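Inspection log for the structure reproduced underneath, given as C-alpha cells.
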Amino acid sequence: MPELPEVEVVRRGIADHVVGRTFSHVALHGSRVARRHVPGPDDLAARLAGRTVLAADRRGKYLWLALDGAEALVVHLGMSGQMLVEDPSAERRPHQHATFTFDDAGTQLRFVDQRTFGGLALVDLVPDPRGGGYVHGIPESVTHIAVDPLEDVFDARAVARLMRASRSGVKRLLLHQGVVSGIGNIYADESLWRARLHGERPAAAVTGPAIERLLAHVQDVMRAALEAGGTSFDALYVNVNGQSGYFDRSLDAYGQEGRPCARCGTPIRRETFMNRSSFSCPRCQPRPRVRRAAPTPTG
DNA sequence: CTATTCACCTGGGTGC
DNA sequence: TGCACCCAGGTGAATA
C-alpha cells in the first residue's frame, strides 16, 4: 500500500523522466479516474495537452506535477495506484486509467490502478500556508494536509502538542492526515512497535517527550523504508519501472501475527481497529487500562 | 464544533 | 469446479 515512502519512490522515478517535458496528448480511459476533477475528464485531458512539467512534488501521500500556468496535476495513488514510465509501443495494461504522451515521442507516463481508489485532478497552485519549501507552491486541494515527517519544516513538538490536545488514541492520530501526513497502517504499526506504545493509548495520557519519540520513530522507519525502495507485499505497489521494494522483509509488527517479537519473543498479536488490522507485541505494547467515565453502580 | 463510521473498489484467498 | 464471502485500506462525506 503506498504510504509516504512508496509515494516518494514514485515521485523520484517520475521526476527523472518527466520534468522539462511537454504533454502532447493525454487520454483518460473511463471517467472515474477524474472524479475529483470537478469539470470532468474531457476538461482535464484537454487542459493538460501542451503543458510543460516543471517539477514533481509531494506532501504526505499526495503527489503532483507542477505545470506551467500555475496549475498542478494532482495524483493520488489510493491503495493500488501505479505510475509507470513505459514505451508507447508497450501494450496497454489492465486497469490503465490514463496515458500521458509527450511531444518528444519518448516514453509515456501511465496511471494504472486496480482498485481505483486513486485519481487525478488539475488544481491551482497556491502558496503553501504551512511554509514548506515548495518553489512552485502546492495544489489548493492539498492545503488541508499536514506537513509530513520528512519535510524540513516538520515540527514534532507542535504535532505532539496537537495530539495531546485530542481525546483520540495515538494510532488514530498518526493516521489523521490533518495532524501529520503520509502515515498509513503499516508505518503506524511499525512506529508504535518501536516506541513500545499501544495504538489505543489516549494521546492525552502520553507525555509530550514520549509522543516526540514516537514521531522520531516514524521518521526513522520511513527513511529506512525509502532506502529499501518502499514496502510491497505483492505486485500492487511498484516503482515507475514496475519493480517492487523490499522493506517488507524488515517489518517488525505489521503483518507479523504469530511471529515472535524481535525484542522479547512474545508472539505478535493482531487486533481489529477501525475496521482494519493492528499488529503489536502484547508484552512490549500492553493495551491501555480501560478507563470508566463514571463509577459503575453495584447492586 | 469534534469524533467516528461508512462507502467506494477489485482480485486473491478461503470455506463449503 | 463453482460460488459466496471476506479481506486489504486512504479518503472524505455522512452521521452521531
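A note on names: the letters A, B, ... follow the listed sequences, proteins ahead of strands, and every chain is numbered from 1. These numbers come from a predicted model, not from an experiment.
- Between the NE2 atom of A:H37 and the P atom of C:dG12 there is a distance of 17 Å, given to the nearest Å.
- Judged by distance alone, the side chain of A:R36 and the main-chain N or O of A:G119 form no donor-acceptor pair under 3.5 Å.
- One can place CG of A:D113 at 11 Å from C1' of C:dG10, the figure rounded to the nearest angstrom.
- Among residues at least two apart or in separate chains, salt bridge (charged side-chain N to carboxylate O under 4.0 Å, His left out) pairs with a member in residues 89-109 of chain A are A:R21-A:D104, A:E86-A:R93.
- When each of C:dG12, C:dG10, B:dA3 is scored by its nearest atom to the side-chain atoms of A:H144, the top-ranked nucleotide is C:dG12.
- Using modelled atom types, no side-chain atom of A:E200 and backbone atom of A:K171 make a donor-acceptor pair closer than 3.5 Å.
- Not one side-chain nitrogen or oxygen of A:Q114 sits closer than 4.0 Å to the OP1 or OP2 atom of B:dC9.
- Across the interface with DNA chain B, nearest-nucleotide mapping of A:A165 and A:T116 shows A:A165 to be the residue nearer the 5′ end.
- The nearest whole Å value for the distance from the CZ atom in A:R35 to the P atom in C:dA13 is 12 Å.
- Spacing between atom CD1 of A:I183 and atom P of C:dG10 amounts to 11 Å, rounded to whole angstrom units.
- Residue A:Y62 is in sugar-phosphate contact alone, with no base atom involved, counting any heavy-atom pair closer than 4.0 Å across all strands shown.
- B:dC9 atom C1' lies 13 Å from atom CZ of A:R36, rounded to whole Å.
- Side-chain nitrogen and oxygen atoms of A:S277 include none within less than 4.0 Å of the OP1 or OP2 phosphate oxygen of C:dC7.
- Between A:R223 and A:E227 there is no salt bridge, since none of the side-chain N atoms of the basic residue sits less than 4.0 Å from a carboxylate O of the acidic one.
- Contact annotation: A:S166 reaches the phosphate of B:dA3 (side-chain N/O to OP1 or OP2, under 4.0 Å).
- Using a 4.0 Å cut-off between a side-chain N of Lys or Arg and a carboxylate O of Asp or Glu, A:E257 and A:R269 do not qualify as a salt bridge.
- Put simply, NE2 on A:H95 is 8 Å from P on B:dT10, counting in whole angstrom units.
- Atom CD of A:E3 is separated from atom C1' of C:dT11 by 14 Å (rounded to the nearest Å).
- At least one donor-acceptor pair closer than 3.5 Å links the side chain of A:R35 to the backbone N or O of A:R32.
- As rounded to whole Å, 11 Å separates atom P of B:dT10 from atom CZ of A:R115.
- For the pair A:R11 and A:W64, the cation-pi criterion (under 6.0 Å, within 45° of the ring axis) is not fulfilled.
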Just the atom pairs and distances: protein N or O near nucleotides 4-8 of chain B's N or O, under 3.5 Å.
unit_1, atom_1, unit_2, atom_2, d
B:dT4, OP2, A:S168, OG, 3.0
B:dT4, OP2, A:R172, NE, 3.4
B:dC8, O3', A:R32, NH1, 3.4

